[in-house]
Amino acid sequence: MTTTKRVDPAELAKLPCTGPSFDDLRGKLDPIVARYPQRAAALLPVLWVVQRARAGWLHPKSIREVAEYLAVPQAHVEGVITFYTMFKDQPVGRDVVVVCKTLSCRLRGAQEVMDALEDHFGIDMGGTTKDGRYTIETGECLGLCDMAPCMTIDEERHGNLTPESAVKTLEGRPR
Amino acid sequence: MSAVEFPRLLKGAPPIGKRQTLAEYEANGGYQALKKGLAQTPDEITKMVLDTGLRGRGGAGFPAGRKWTFVPKNTGKPVYLAVNGDESEPGCFKDRQIIERVPHLLVEGAILACRAIGANTAYVYIRGEYPIGIRCMEEAVDEARAAGYLGDNVMGSGWKCDVWIHSGAGAYICGEETGMLSSIEGGRGYPRIKPPFPAVEGLWRSPTIINNVETIANVPLIVRDGVADWKSSGDADTPGTRLVGVSGHVNRPCHIEIDPAKTTLREIIFDHAGGIWKGRHLKAVIPGGSSVPVLPNKPEALDVPFTYGAVKNAGSLAGAAGVIVMDETTCMVDALLNLMEFYHHESCGQCTPCREGTGWLEKLVHRIWAGQGRMEDVDLLDRVADTVGGAGAGKTICFLADSAVMPTKSFIKHFRADFEAAVRGGGSPVYLARKARIDRKHASHAVGAAH
Ligand SMILES: Cc1cc2nc3c(=O)[nH]c(=O)nc-3n(C[C@H](O)[C@H](O)[C@H](O)COP(=O)(O)O)c2cc1C
Ligand code: SF4
Ligand code: FES
C-alpha cells in the first residue's frame, strides 16, 4: 500500500522519457517475444526490460511504444501495469526500497523499522526522499522470512534489520 | 529399512548466495535422470511418478502423477508445462532454495515432466521479487541449452524441448494456477473459472500441466534413483521429503529438508529452529503458510508428524510448509489484522464475496484492533467469515477468500480471549503502544488535506 502523491497525467507526459530509444531496445526484446506463440504474451517481460532501461518507470511514451510493438491496445498495457505492484507508471527514486510489512517480519519489528525510516527521511511509506535517491515502499512477504525483518533495495537484500541498521544501510550506500 | 541420506533435494547445494553450476550439478549425478528418461517412453515416466505417490508441494497436495494423466491425447494442440515459482504465500521461502541454489535440478525436472506429458515447452513462472532467482534460472537454462540438454535435439535424441523463465511483477494472485496462466499470457493475473481445467484448456487454450517448483524438482530424483528409493523417506500419506521454512519468534529462523513422517511440528520449532526466542514460551503456530488455520500450543497440535494427514487431524494443514511461530507476547488481533490487510490487498476483485468480503474482514478486525469494537463484534466477525469466499460451492472463482477465512475462524476459535481483551481494553496492546503516533499522523494528514 502506498500513499505516494501521484503526478497529474498531463504533467507526466511533459517529463523527459530518459534512457535508450525503443529501436535500441529491440535487439533485447525480439528474442523474448520469440519465446511465446503469441506476441501479446511477452507483455510482462517486455515491460520489465523497458522499465529497467528507462529510469525505473514506464513513461506514457514507453507505454505507447510497448503497445504498438506488441500490437495490443494501450489501455490493455495500462491495465496490466496498474495490476502489478512492481510496474511503475509514475517517476520513482533512483532506487526502490521495499520494506516487508507481512506477518513474519511484523513479529520481529518491521513496524519499528518503517517508523524509523519515515522519521529519518521525513516521508511517509510510499514516498520518495527529497534528494530523489530512494522511493521507500512497503511490500507484502518478500520470501525472505528467515531474515526478518527485511527489505530489498532493487536486487540487494538486507535482513535482521533494526531501526538503526535500516537507516544506516540506506545512508551508507555509495551515492 | 536403509537409512535415508539427507538432504535429498538440496544434496550438494551451495549456500544461499551461490548457484550450483552445470559442472557441479553434473558431478553430483545431474542430467543422468534425463539420459534415463529419454530411453523410456513418456508413459513410463508418468507411471514412476504415479507409483511414488508424489503430492503437489504448492499447497493442495494433489498427486502429481494423477494430474499428468489428465492431459487429453491427440488433440492436435500443443501441450504446455507451467512451473509455479510464484511463492508469495506469507511465511514461505522454500522454493527459493531450489531456484537460487540448485536451479539445474528444476530445469532437469521440467524437461522430464515435459517429456512425460508430451510437451515441448515449459514456462517457469518466478515472482518478480526474486530477481536473483530469476537470474540463476536464466543462467541455468542457458547452460543447459549450450550443453544440448535443451533445444531442438535434446541429448541427440531428436526430441525438442525448451524451458523459458517468465518473471512476475508483484501480485500474490499469480500463484493461483489459473491466475498464473493469465499472467503468462500477458494479462492481469485474473484466475479463471474451472472447468475447463488447465490440463484440458490452459495456456492459449491448450492442455497445460501446472506444478509447484518443489514438485517438479523431485522428478529427477524419482527417475534417477527409482520409485522404491525415493519412497524411503516419508510415509504412504506424504511420501518423499519436504522443504520447510520456519520464521517468526524462533531463535534460528531457517529452512530445512525433513522426512515428514519422522519429524514433528514440535521438533521443527524446538530442534531445527532453536526454540522460542528471548527465553519466552510458544503461543501459537501457523504450520503451512498464512492461509491455513492457526494452532495453539497444545501437545495434540505439536506432537504430530509433519505429514498432510497428521497436520490435518491436528486441525490445520501442512499446506506450503511455511511455519510461522508466535510467542506468548503476541497479540493475536494484531497478527490477524496483518493477514487480513494482506488478503484484502491481494484480492483481484473479480468476485464480490472475495472483493467485498476480505474488506469486511479487514475492517472488522481493524475496528477491534483500534479500540472501536463492541463485544458482539467478535461473534459478528466469526459469522461474517462464513459468508466470505466459498470457492468450493462455486461462489468465487478461486480460493483466495477462503484462504482469509481459515485464519480468521481459527484465530477466534483458539484465541478469543485476545479479541475480547482488545474490546475491553480499548484496543490491541500493539495499537495502544502506537496510538500517539497514529493520531499524530492522522492530524498532520488532515492539515495537509486542508491546504
Ligand atoms: C491464492 C492462491 C495462491 C497460490 N499461490 C501459490 C504459489 O505461490 N505457489 C504454488 O506453487 N502454488 C500456489 N497456489 C496453488 C496453485 O493454485 C496450484 O494448486 C499449484 O501450483 C499446483 O502445483 P502442485 O500440484 O505441484 O502443488 C496458490 C493457490 C491459491 C488459491
Ligand atoms: S476469489 Fe478473489 S482472488 Fe479469486 S478470482 Fe475471485 S476476486 Fe479474484
Ligand atoms: S513476512 Fe517478511 S519476508 Fe516473509
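Each chain gets a letter, A, B and so on, in the order the sequences are listed, and its residues count up from 1. The figures that follow rest on heavy atoms only: side chains count, while hydrogens, waters and symmetry mates do not.
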TODO: Output yes when A/Lys14 and A/Asp8 qualify as a salt bridge under the 4.0 Å nitrogen-oxygen rule, no when they do not.
DONE: no
Task: Neighbour count above 12 (heavy atom, 6.0 Å) for B/Lys160 NZ - done: yes
Open item on the list: Quick check for you: to the nearest 0.5 Å, what is the distance between A/Phe87 atom CZ and A/Glu78 atom CD?
Closed with: 14.0 Å
Open item on the list: Using a 4.5 angstrom heavy-atom cutoff, name the option from A/Val77, A/Thr152, A/Leu144, A/Val98 with the most pairs to chain B.
Closed with: A/Leu144
TODO: Over all heavy atoms of both residues, which pair between B/Gly202 and B/Glu185 is shortest? Give the atoms and the distance, please.
DONE: O-OE2, 3.7 Å
Task: Contact origin within B/Lys94 toward chain A - heavy atom pairs under 4.5 Å - done: neither
TODO: Name the option with the most non-hydrogen atom pairs under 4.5 Å to chain A; the candidates are B/Gly322, B/Cys174, B/Ser167, B/Ala335.
DONE: B/Ser167
Task: ring pair (Phe, Tyr, Trp, His ring centres under 6.0 Å) evaluation trace for B/His166 with B/Tyr125 - done: CA-CA 5 Å; B/His166 189 98; B/Tyr125 191 97; 5.6 Å; yes
Open item on the list: If you count heavy-atom pairs within less than 4.5 Å of chain A, which of B/Lys441, B/His255, B/Arg434 leads?
Closed with: B/Arg434
Task: Nearest non-hydrogen partners of A/Pro91 and A/Leu12, listed with the distance - done: CD-CD2, 3.7 Å
Open item on the list: Can you confirm whether the side chains of B/Asp95 and B/Asn212 place a donor and an acceptor under 3.5 Å from each other?
Closed with: yes
Open item on the list: Just so I understand: if I count every heavy-atom pair under 4.5 Å between each of B/Thr121, B/Ile184, B/Thr329 and chain A, which residue has the most?
Closed with: B/Ile184
Task: Structural part of B/Tyr123 lying under 4.5 Å from a heavy atom of chain A - done: side chain
Open item on the list: Strictly less than 4.5 Å between heavy atoms, which residues of residues 164-175 of chain A line up against chain B? Please order them by number.
Closed with: none
TODO: Select one option (side chain, backbone, both, neither) describing which atoms of B/Arg96 are under 4.5 Å from chain A's heavy atoms.
DONE: side chain
Task: Residues of residues 68-76 of chain A with any heavy atom under 4.5 Å of a heavy atom in chain B - done: A/His76
Open item on the list: Under 4.5 Å from any heavy atom of chain A, what part of B/Ser290 do you find: side chain, backbone, both or neither?
Closed with: neither
Open item on the list: Side chains of B/Leu400 and B/Tyr172, heavy atoms from C-beta outward: is any pair under 4.5 Å?
Closed with: yes
Task: Working for side-chain contact (heavy atoms from CB on, under 4.5 Å), residues B/Leu243 and B/Ile256 - done: CA-CA 6 Å; B/Leu243 294 181; B/Ile256 41 170; over 6 Å; no
Task: Worked check of salt bridge (Lys or Arg N to Asp or Glu O under 4.0 Å) between B/Arg252 and A/Asp146 - done: CA-CA 8 Å; B/Arg252 278 197 311 274; A/Asp146 53 345; over 6 Å; no
Task: Flag, side chain of B/His249 to backbone of A/Leu107, donor-acceptor distance under 3.5 Å - done: yes
- [ ] Please examine the side chains of A/Arg106 and A/Gln111, heavy atoms only from C-beta on, and report whether any two atoms are closer than 4.5 Å.
- [x] yes
TODO: Using non-hydrogen atoms and a 4.5 Å limit, figure out which bit of A/Ile81 sits close to chain B: side chain, backbone, both or neither.
DONE: neither
Open item on the list: Is A/Thr102 in contact with chain B via its backbone, its side chain, both, or neither, using a 4.5 Å heavy-atom distance?
Closed with: both
TODO: Return yes if a side-chain donor-acceptor contact under 3.5 Å exists between B/Ser247 and A/Arg108, otherwise no.
DONE: no
Task: Pair B/Tyr130-B/Glu87, side-chain donor/acceptor within less than 3.5 Å - done: yes
Task: residues 50-63 of chain A: residues contacting chain B (heavy atom under 4.5 Å, by number) - done: none
TODO: Counting only heavy atoms closer than 4.5 Å, note whether B/Val325 contacts chain A via side chain, backbone, both or neither.
DONE: backbone
Task: Test side-chain contact (heavy atoms from CB on, under 4.5 Å) applied to B/Val246 and B/Ile324, B/Ile268, B/Val285, the passing residue - done: B/Ile268
Task: Side-chain donor/acceptor of A/Lys130 to backbone N/O of A/Gly122, under 3.5 Å - done: yes
TODO: For B/Val292 and B/Pro287, work out which heavy atoms get closest and say how close.
DONE: CG2-CD, 3.8 Å
Task: Closest-packed option against chain B by number of heavy-atom pairs under 4.5 Å, given A/Ser104, A/Ala148, A/Cys105 - done: A/Ser104
- [ ] Anything in residues 21-48 of chain A with a heavy-atom distance to chain B below 4.5 Å? Please list those residues in order.
- [x] A/Arg35, A/Tyr36, A/Pro37, A/Gln38, A/Ala40, A/Ala41, A/Leu43, A/Leu44, A/Pro45, A/Trp48
Task: Salt-bridge criterion met for B/Arg135 and B/Glu138 (N-O under 4.0 Å) - done: no
Task: Where A/Glu155 and B/Ile132 come nearest, the two heavy atoms and their spacing - done: O-CD1, 3.6 Å
TODO: Please check if the side chain of B/Ser347 supplies one atom and the backbone of B/His344 the other of a donor-acceptor pair under 3.5 Å.
DONE: no
Task: Value rounded to 0.5 Å, distance of NZ in B/Lys283 from SG in B/Cys331 - done: 7.0 Å
Task: Per-residue contact mode, B/Glu346 against chain A (heavy atom under 4.5 angstrom) - done: side chain
Task: Minimum heavy-atom distance between A/Thr135 and A/Gly93, given as atom pair plus value - done: OG1-N, 2.6 Å
Task: Option in A/Leu142, A/Leu103, A/Asp115 with maximal non-hydrogen atom pairs under 4.5 Å from chain B - done: A/Asp115
Task: Max heavy-atom pair count under 4.5 Å with chain A, selected residue of B/Glu129, B/Arg127, B/Arg188 - done: B/Arg188
- [ ] Could you tell me which portion of B/Ser183 (side chain, backbone, both or neither) has an atom closer than 4.5 angstrom to a non-hydrogen atom of chain A?
- [x] both
Open item on the list: Is B/Ile16 in contact with chain A via its backbone, its side chain, both, or neither, using a 4.5 Å heavy-atom distance?
Closed with: side chain
Open item on the list: Show the nearest heavy-atom pair for residues B/Gly189 and A/Phe83, with the distance to one decimal.
Closed with: N-CE2, 3.0 Å
- [ ] Please determine, by modelled atom types, if A/Glu118 and A/His120 share a side-chain donor-acceptor pair under 3.5 angstrom.
- [x] no
Task: A/Val97 side chain reached by A/Glu137 side chain, heavy atoms, under 4.5 Å - done: no
